[in-house]
Amino acid sequence: MSLFKARDWWASVLGEGEEFDQGCLCVGDVDNSGSGYDKIVVGSFMGMLRIFSPHPAKPEEQMEADAQLLEVQFPDPIIQVEMGKFVSCSELLHLAVLHPRKLSVYAVSGTAGNVEHGDQYQLRLVYEHNLQRTACNMTYGPFGGVTGHHFICIQSMDGMLMFFEQETYAFGRFLPGFLLPGPLSYCIRTDSFITVSSTRQVECYRYETLAVATDADTRQDSDQQSKSSGKRLTADWTLVLGEEALDVCVPHTSSAMSSIFVLGERNLFCLKDNGQIRFMKKLEFNPSCFLPYGSVSEGSTNILMCNHNNMLLVYQDVTLKWVAQLSCVPVAVRVANFPELKGLVVTLSSDGHLQCSYMGTDPSFFTAPKVDAREVNYDEVDTEMKMLQKVIRGATKTQDILPRAETEEELTLTAIVSSNLDEVSCAVIPEMNGMPVPSVTVKVKIKSRSAVQSPKMTVCVQPPLAVTQDQFVLDSMGSGCELVVRFSAFLNGHYPPADLCGDIAVSYSSATGIPRVSQCKFNLPLRLVCYPSSAIKNAKYKITVDTNKPPVNLNEVFPDFSEKSENNESSALGFQLITGSKVIVLASKTSQRYRIQSESFEDIWLVAKELVQRFDQHFASLGVKDFRNSFTGPIPLPEYFETVDHHFELRVNVQKYQDLLSERAVQFRAIQRRLLTRFKDKTPGPLQNLDTLMEGTYRQVIALADAAEDNRERLIQAFTRLQSATHLLILLLSLWQGLGSEQTAILEATLLPLLQDTPQLGWEESVDAAISHLLKTCLSRSPKDQAISLSTGPLTIPKDTSRLKKHITLLCDRLGKGGRLSLTSEANVPTTVMMPAGCESIPEPIVEQEEEPRLQQDSAKYIKKKQPSKRIKSKSGKTCGSPSTSESLTTALI
């Protein structure tokens, strides 16, 4: 039981599908019983009028039905209900019901019953007024200072105030500058009406001013009103709120504290009778309704306020005194007195939840029973403590970011890639470089262990690969159901992909409505992107993979490529990439080595990966357990750096083209403005070749835009080739040092942190930051050199790639010295390892600043060759060898 939760005293749900608003609730002694207790009157937009006399039910009984005194169905919606002295010949309370086109006043009377069913209540119509305009809301009071009677003022949707002196229609007035109706209230102290206009300002009109103003039988303009009889209607005072008002209330509890309360969307305003602000309270929530009422403290007012967070707040002026949790969002709140309890809070929600509650808590008479005292077995407690500590230590050692699922998934996915290519290709581009583009079918089996709702399957492959359909909307599945989905994958770009893996994800909702996701991966065949080809002996780029087993027949390892190969020799095999160069695999007849060579460095990756995987599968099928692939070097860093420089150059060109386009666009707009000025001039003058200049500038803008688009496409291809080259570098490093799966995953996350380049974040700065982190933590020279705190500055595109090349070279050197990749903060002391033949480590300097010049001199000791950089710095510090100014690019385009 929470102290800050409103306690239910009585509650009821009114009807089904009915709607209510803030004017649909009022409380009072509507039947004039004289008991001093209130009744609740509720009207709905469906035309249903209900009267309740709540009283609490006994704990062992249900809510009694006799709490509802009356229920009447009207043909028109009920906008507002009010109680007052609305009949001229009586001082009793009557009920006024406002419909869109009618105002009705009723008398509620009760007759004592002679049987056990209780009293009978009747609703009798006293009089009604048919309205010529659609009503919005109404207010009542002793207008003009009358005593013993109440008059009614109705505001129409078009801004007319209609005044009714009980059974007689008095007059009507249009509000000046009206657009939309707002809340309306009557102040008895100043005999004036308070409203909030659509201009977001509070306006006050005196009843005397309204009575003598221009008649409003027909709506007239302000100019016509000033010419007709009567005075022009003006506000007594106005106050700008700056926000929409939800409600206006004028409490009449204390004459000493005269205030006008206005509830805005974000603030609560308390005004004096002359329009000056007494205080203002900024709200930290969205209010729904409020009610000012009398306070026991002199000179202050209490305020009940409800918000859309189901909270009931009690303020004393601007001080929050209490908060209680409600079960719904009220649209109207009142305070009423009922038998056995006074001052209950009556709330009504928009969907008909009527509740009478009070704040505080009920006294609890529960006493906890005494438990039997027993002795503690310290040996059992000690054993349990040791077991729990062991579980805690095991949990803290794991480095998994996401917890592993202990139960089986509700949906299992199985992707099966067809072993044969499609007979009829589904490729969008049927032919590339004179070769047909094939496609392969992927079959996905979806099996549910329990009922799942609204499953949606998404297929993702890396460009330039594509699928026939990447989004599938599936039907809901029951328990034990199985579904098969098929799609085809193919090559859809003029460059080779960096990865033949694909991902499948199915999002669904469980039977309880919990969203879940199931995933699986699939590998596309190498035959999808290349054809068998004849082998050539010489190529520009070469790498050698060593094994610890005798050489095998390549036709047995690649049966799908040996069948159609023109060369039937078992020691050579050719792969012609559809959108790339030719890759050759040569097997040594005397040693256990295999050479992979090609005219393109990054094209070696797919064949090298396939060769290593098929070797593992081949020897595993033969039962060989100690088979191992290795790489003896040298690491081809110069060839890899060529790919890095090409990608970086295209990134720099993106910024250059953007700057040039901005300059030419500014020039083009300036010429347009001058031409427009010449054309608007009344005295014709010569154009001074401005039209020719504008045409030339326009051609430059178009040429620059075409060049920027072409550079963007080349950048996408260059990034894919960079991914292939990086994958190849990671493979060679893992084979060189025998890295495990965890260390290889860390290396992949370091060198391939992005799936694609973005203008805000590129590959170079991301990789440089990741390698710097490893060099300062797990790959540091000694535990003393590990950085305690790492800098986390913003990542921006570097000026050149020299720093990145230095760090990559240093990373390879640290791995060659036995460095271990790890994400933990433990010190990683390099261990002594046997270097492969032909490789030699780099002697690292002691001073950090001396690393760069010495690395450039000594890196040739363990890499194959060192090529001069394409960008050479002169003594003056300017970069030569490539056009770096915007003028050279512009000249080439024009």
Side-chain angles (χ1 to χ4, degrees), residues 411-447 455-474 482-507 517-533 558-561 563-564 575-581 583 602-614 617 713 716-717 719-721 723-724 727 752 755-756:
L411 208 65
T412 57
L413 306 179
T414 305
I416 303 174
V417 181
S418 176
S419 57
N420 300 321
L421 300 179
D422 297 340
E423 296 181 359
V424 178
S425 177
C426 300
V428 177
I429 306 176
E431 187 175 343
M432 295 183 187
N433 298 332
M435 292 178 287
V437 180
S439 65
V440 66
T441 300
V442 181
K443 182 171 64 175
V444 183
K445 292 184 178 180
I446 307 174
K447 187 175 181 180
K456 297 179 182 178
M457 189 178 80
T458 304
V459 183
C460 179
V461 292
Q462 297 297 326
L465 296 175
V467 293
T468 53
Q469 185 177 353
D470 59 351
Q471 300 284 342
F472 297 86
V473 179
L474 310 177
E482 187 173 343
L483 185 65
V484 178
V485 180
R486 291 180 174 87
F487 61 89
S488 296
F490 51 88
L491 191 63
N492 196 33
H494 294 275
Y495 54 97
D499 197 354
L500 293 177
C501 294
D503 297 304
I504 299 175
V506 176
S507 61
V517 176
S518 297
Q519 298 178 350
C520 74
K521 292 182 177 294
F522 62 92
N523 293 317
L524 298 175
L526 183 63
R527 189 67 175 77
L528 189 67
V529 296
C530 65
Y531 282 97
S533 174
F558 291 91
D560 48 345
F561 285 89
E563 294 177 359
K564 299 181 181 180
F575 304 86
Q576 176 61 54
L577 295 178
I578 298 176
T579 56
S581 59
V583 183
E602 56 271 7
D603 290 346
I604 300 177
W605 153 243
L606 289 178
V607 178
K609 176 187 176 183
E610 192 75 14
L611 179 68
V612 172
Q613 290 181 350
R614 294 205 182 194
Q617 296 173 1
E713 296 177 357
I716 295 175
Q717 297 184 16
F719 184 72
T720 304
R721 296 182 183 275
Q723 284 181 310
S724 300
H727 277 298
L752 290 171
L755 293 178
Q756 62 182 1

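Model, not experiment: these values are computed from the prediction.
Residues meeting the side-chain hydrogen bond (donor to acceptor under 3.5 Å, both in side chains) test with Thr458, sequence neighbours left out: Gln471. Evaluation of the ring pair (Phe, Tyr, Trp, His ring centres under 6.0 Å) rule for Phe490 yields no partner, not counting sequence neighbours. Remark: Glu423 engages no residue in a side-chain hydrogen bond (donor to acceptor under 3.5 Å, both in side chains) (not counting sequence neighbours).
Across all their heavy atoms, Val461 and Leu465 have their closest contact at CG2-O, 3.5 Å. Pairing each heavy atom of Asn523 with each of Cys501, the nearest pair is OD1-SG, 2.8 Å. Contact record, Pro497 with Ser724: O-OG, 3.7 Å, taken as the closest heavy-atom pair. When all heavy atoms of Tyr531 and Pro438 are compared, the closest pair comes out as OH-CD, 3.8 Å.
With Pro496 as the fixed residue, the side chain to side chain contact (heavy atoms under 4.5 Å, CB included) test singles out one of Val529, Asp603, Thr720: Asp603. A side chain to side chain contact (heavy atoms under 4.5 Å, CB included) with Pro525 holds for exactly one of Val417, Asn420, Leu500; it is Val417.
Atoms OG and CZ, on Ser419 and Arg527 in that order, are 12.5 Å from each other to the nearest 0.5 Å. Once rounded to the nearest 0.5 Å, the distance linking OG1 of Thr579 with CG of Leu491 reads 5.0 Å. The structure places NZ of Lys447 at 6.5 Å from OG1 of Thr412, a figure rounded to the nearest 0.5 Å.
For residues 486-498, the pairs satisfying side chain to side chain donor-acceptor pair (under 3.5 Å) are Asp422-Ser488, with sequence neighbours left out. Sorted by first and then second residue, the salt bridge (Lys or Arg N to Asp or Glu O under 4.0 Å) pairs involving residues 494-505 (not counting sequence neighbours) are Asp499-Lys609, Asp503-Lys521.
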For Gln723 and Leu752, what are the C-alpha separation, side-chain angles and deciding distance, and is it a side chain to side chain contact (heavy atoms under 4.5 Å, CB included)?
CA-CA 7 Å; Gln723 284 181 310; Leu752 290 171; 4.1 Å; yes
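Inter-residue side-chain proximity for Phe575 and Leu526 is flagged as met; some heavy-atom pair is nearer than 4.5 Å. Within the 4.5 Å cutoff, the side chain of Leu411 has heavy atoms near those of the Ile446 side chain. Ile504 has its side chain within reach of Met457: a pair of non-hydrogen atoms, C-beta onward, lies under 4.5 Å apart. Side-chain atoms of Phe558 and Glu610, non-hydrogen and from C-beta on, do get closer than 4.5 Å to each other. For the pair Cys520 and Thr414, the minimum side-chain heavy-atom distance is 4.5 Å or more. Looking at Leu413 and Phe522, their side chains never come closer than 4.5 Å, going by heavy atoms from C-beta outward.
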Enumerate donor-acceptor pairs with a distance under 3.5 Å from any side-chain N or O in residues 424-432 to protein atoms, sequence neighbours excluded.
| residue | atom | partner | partner atom | Å |
| --- | --- | --- | --- | --- |
| Ser425 | OG | Ala427 | N | 3.2 |
| Ser425 | OG | Val437 | O | 2.6 |

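In this structure a side-chain-to-backbone donor-acceptor pair under 3.5 Å is missing from Thr468 to Phe487.
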